[in-house]
Amino acid sequence: MAMIAAKCPDIDVTVVDPNAARIAAWNSDSLPVYEPGLDEVVRAARGRNLHFHTDVESAVRAGDIVFVCVGTPTKTYGVGAGRAADLRYIESAARMIAELSDGPKIIVEKSTIPVRTAATLLEILRSNSRRGTFEVLSNPEFLAEGTAVADLENPDRILVGGERTPSGENAMATLVDIYARWVPRDRIITTNLWSSELSKLVANAFLAQRISSINSISALCEATGADVDEVANAIGKDSRIGPKFLKASVGFGGSCFQKDILNLVYLCEHFGLPEVAAYWERVVSMNNWQKSRFTQSIVQTLFNTVSGKRVAILGFAFKKDTNDTRESAAIDIARGLLEENATVVVYDPRVSADQIQRDVLGAGRSDPRLLVARSAEEATDGSHGLAVLTEWDEFRTLDYAAIYSRMHKPACVFDGRNILDRRGLEQIGFKYYAIGKPQDE
Ligand SMILES: NC(=O)c1ccc[n+]([C@@H]2O[C@H](COP(=O)([O-])OP(=O)(O)OC[C@H]3O[C@@H](n4cnc5c(N)ncnc54)[C@H](O)[C@@H]3O)[C@@H](O)[C@H]2O)c1
């Protein structure tokens, strides 16, 4: 929404959320989301044609176009628990919009939702509103956290789905015209509603599948003496495969991949396609296996016991350049090490101590074996091993010789993102483990 406001000064954009603390942060100098370049985009438009407030109802009443961007987490209860999307926020937003509308409105699904949610939305809107008339469009968001501003500025494509009726086509044209202010028309695709809804789930499933595919091969590389980065480079040169998203790692995280694949799995089961469901579910189970394999490697390398030992975790966000920790691999690794009775000391340049404690232990809990440090040096002092779990640039250039001198020997590095200089570390004296690397080099 900030990007639309920045690119279209004549369009009034109001972002509303009942969460007052979040809205206050959006109106402050310290935005609740860390994204490179976001401060500038928000500052360009805030107070001009971009407003943040908590009065959801008046903004919905006044809006000609309402973007529904509410959360669609994995359901934790009842039918489909652990897989299906929880649509209660979508449904309550639809009921509120229906009640408050007394003229024509375009409702845009921006949240990631299961296929055919637009039908539910339309039914709720049309059967609950006395004077409102509605067109529902699907406009999934393809930005990646960490590069969100660049992705929005220069998207690979914009997808708009709508009903193939005259009023549906008109609504699509209205939204397309907004994006066309800065996105070339040939990158704006229009489809029917269901293709658009499904495309978002399928895009995330394909992306996550590439990560699980290369991660599965990383285990084979370790067993055979092949080097996964060399394999990835060799296969990525094939133009049919391509080089992107082939980096082996401790596993994918983030709020979207796992949730959206599980949602796809649930949909396949719902539509009587258990073979398709099982195929995609393996992408998630491979990711879980990779995370537990990494924890086991730490334990094995530290002589099969970490009990009473100190292990530093460098990086807690699920990827660099974001403060988002949802489904971060670091959560599972920290929990796995605590289960083995290690002391775990975490450092992340952008994630607060509160967030780390909450993610690993649950709200309001504490454990003397889980510590949060304010620097990589503080985290690693007196530790037996250090694990790099987020590819923050600053971890590439730490003074590892100084760090080594203050660690227990043999000091071990576990490179969960394959970003460090192996030879340099081994020359210092570190024992080095990285995903998919020959162990005896
Ligand atoms: N985070 C991403 O990078 C990303 C990328 C693409 C798509 N998506 C999708 O976008 C959606 C939102 O994701 P998110 O990461 O921003 O989730 P989030 O949980 O961080 O934010 C959702 C917000 O919606 C607010 N909300 C709930 N009901 C509301 C209502 N009736 N009116 C106004 N606000 C309401 C909540 O208070 C919350 O602040 C999800 O469907 C997600 O899959 C997210």
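These figures come from a predicted structure and were not determined experimentally.
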Checklist entry - Do Asn215 and Trp289 have side-chain N/O donor and acceptor atoms under 3.5 Å apart? => result no

Item to check | Presence of salt bridge, Arg422 and Asp227, under 4.0 angstrom | outcome: no

Checklist entry - Between Lys247 and Asp229, is the closest basic N to carboxylate O distance under 4.0 Å? => result yes

Item to check | Approximate separation, where rounding is to 0.5 Å, of Phe252 CZ and Arg210 CZ | outcome: 14.0 Å

Next on the checklist: Tell me if the CG atom of Asp186 is crowded by more than 12 foreign heavy atoms within 6.0 Å.
Outcome noted: yes

Next on the checklist: Measuring only between side-chain heavy atoms, which start at C-beta, is Ile313 closer than 4.5 Å to Tyr347?
Outcome noted: no

Checklist entry - Under 4.5 Å between any side-chain heavy atoms of Ile113 and Leu121, yes or no? => result no

Checklist entry - Does CZ belonging to Arg185 count more than 12 external heavy atoms closer than 6.0 Å? => result yes

Next on the checklist: Within this structure, what is the CG-CG distance for the pair Asp359 and Asp354, rounded to the nearest 0.5 Å?
Outcome noted: 10.5 Å

Item to check | Validation row: Arg187, Asn154 side chains within 4.5 angstrom (heavy atoms) | outcome: yes

Item to check | Close side-chain approach of Asn49 to Asp10, heavy-atom, < 4.5 Å | outcome: no

Item to check | Donor + acceptor pair across side chains of Asn139, Tyr179 (<3.5 Å) | outcome: yes

Item to check | SB check Asp324 Arg350 (cutoff 4.0 Å) | outcome: no

Checklist entry - Atom CD1 in Ile435, atom CG in Asp415: separation rounded to 0.5 Å? => result 8.5 Å

Next on the checklist: Once rounded to the nearest 0.5 Å, what's the spacing between atom CD of Glu391 and atom CG of Asp321?
Outcome noted: 8.0 Å

Checklist entry - Is the closest basic N to carboxylate O distance between Lys437 and Glu222 below 4.0 Å? => result no

Item to check | Asp156, CG: over 12 other non-hydrogen atoms inside 6.0 angstrom | outcome: no

Next on the checklist: Rounded to the nearest 0.5 Å, what separates atom CD1 in Ile403 from atom CG in Leu314?
Outcome noted: 7.0 Å

Item to check | N-O pairing of Arg83 and Glu281 below 4.0 Å | outcome: yes

Checklist entry - Do any N or O atoms from the side chain of Lys105 and from the backbone of Val66 form a donor-acceptor pair under 3.5 angstrom? => result no

Item to check | Side-chain heavy atoms of Phe316 within contact of Val372, under 4.5 Å | outcome: no

Checklist entry - Do Gln296 and Arg293 get their side chains close enough for a donor-acceptor pair, meaning under 3.5 Å? => result no

Next on the checklist: Taking atom NE2 as the centre, does His270 end up with more than 12 heavy-atom neighbours from other residues, nucleotides or ligands that are less than 6.0 angstrom away?
Outcome noted: no

Checklist entry - Under 4.5 Å between any side-chain heavy atoms of Asp12 and His51, yes or no? => result yes

Next on the checklist: If I compare all heavy atoms of Ala98 with all of Asn128, which pair ends up nearest, and what's the gap?
Outcome noted: CB-CB, 3.7 Å

Checklist entry - More than 12 foreign heavy atoms under 6.0 Å from CD of Glu40: is that the case here? => result yes

Checklist entry - Under a 4.5 Å cut-off applied to non-hydrogen side-chain atoms, are Ser255 and Phe318 in contact? => result no

Item to check | Heavy-atom check, side chain of Val79 versus side chain of Tyr266, under 4.5 Å | outcome: yes

Checklist entry - Thinking salt bridges, do Lys320 and Asp393 make one under a 4.0 Å N-O criterion? => result yes

Checklist entry - Does Lys7 pair with Glu153 as a salt bridge, N-O distance under 4.0 Å? => result yes

Checklist entry - Taking everything shown except Glu99 itself, do over 12 heavy atoms lie less than 6.0 Å from its CD? => result no

Checklist entry - If you measure from the Lys or Arg side-chain nitrogens to the Asp or Glu carboxylate oxygens, is any gap between Arg95 and Glu91 under 4.0 Å? => result yes

Item to check | Glu135 versus Ser167, side-chain donor and acceptor atoms under 3.5 Å | outcome: yes

Checklist entry - Distance from Leu38 atom CG to Met3 atom CE, nearest 0.5 Å? => result 8.5 Å

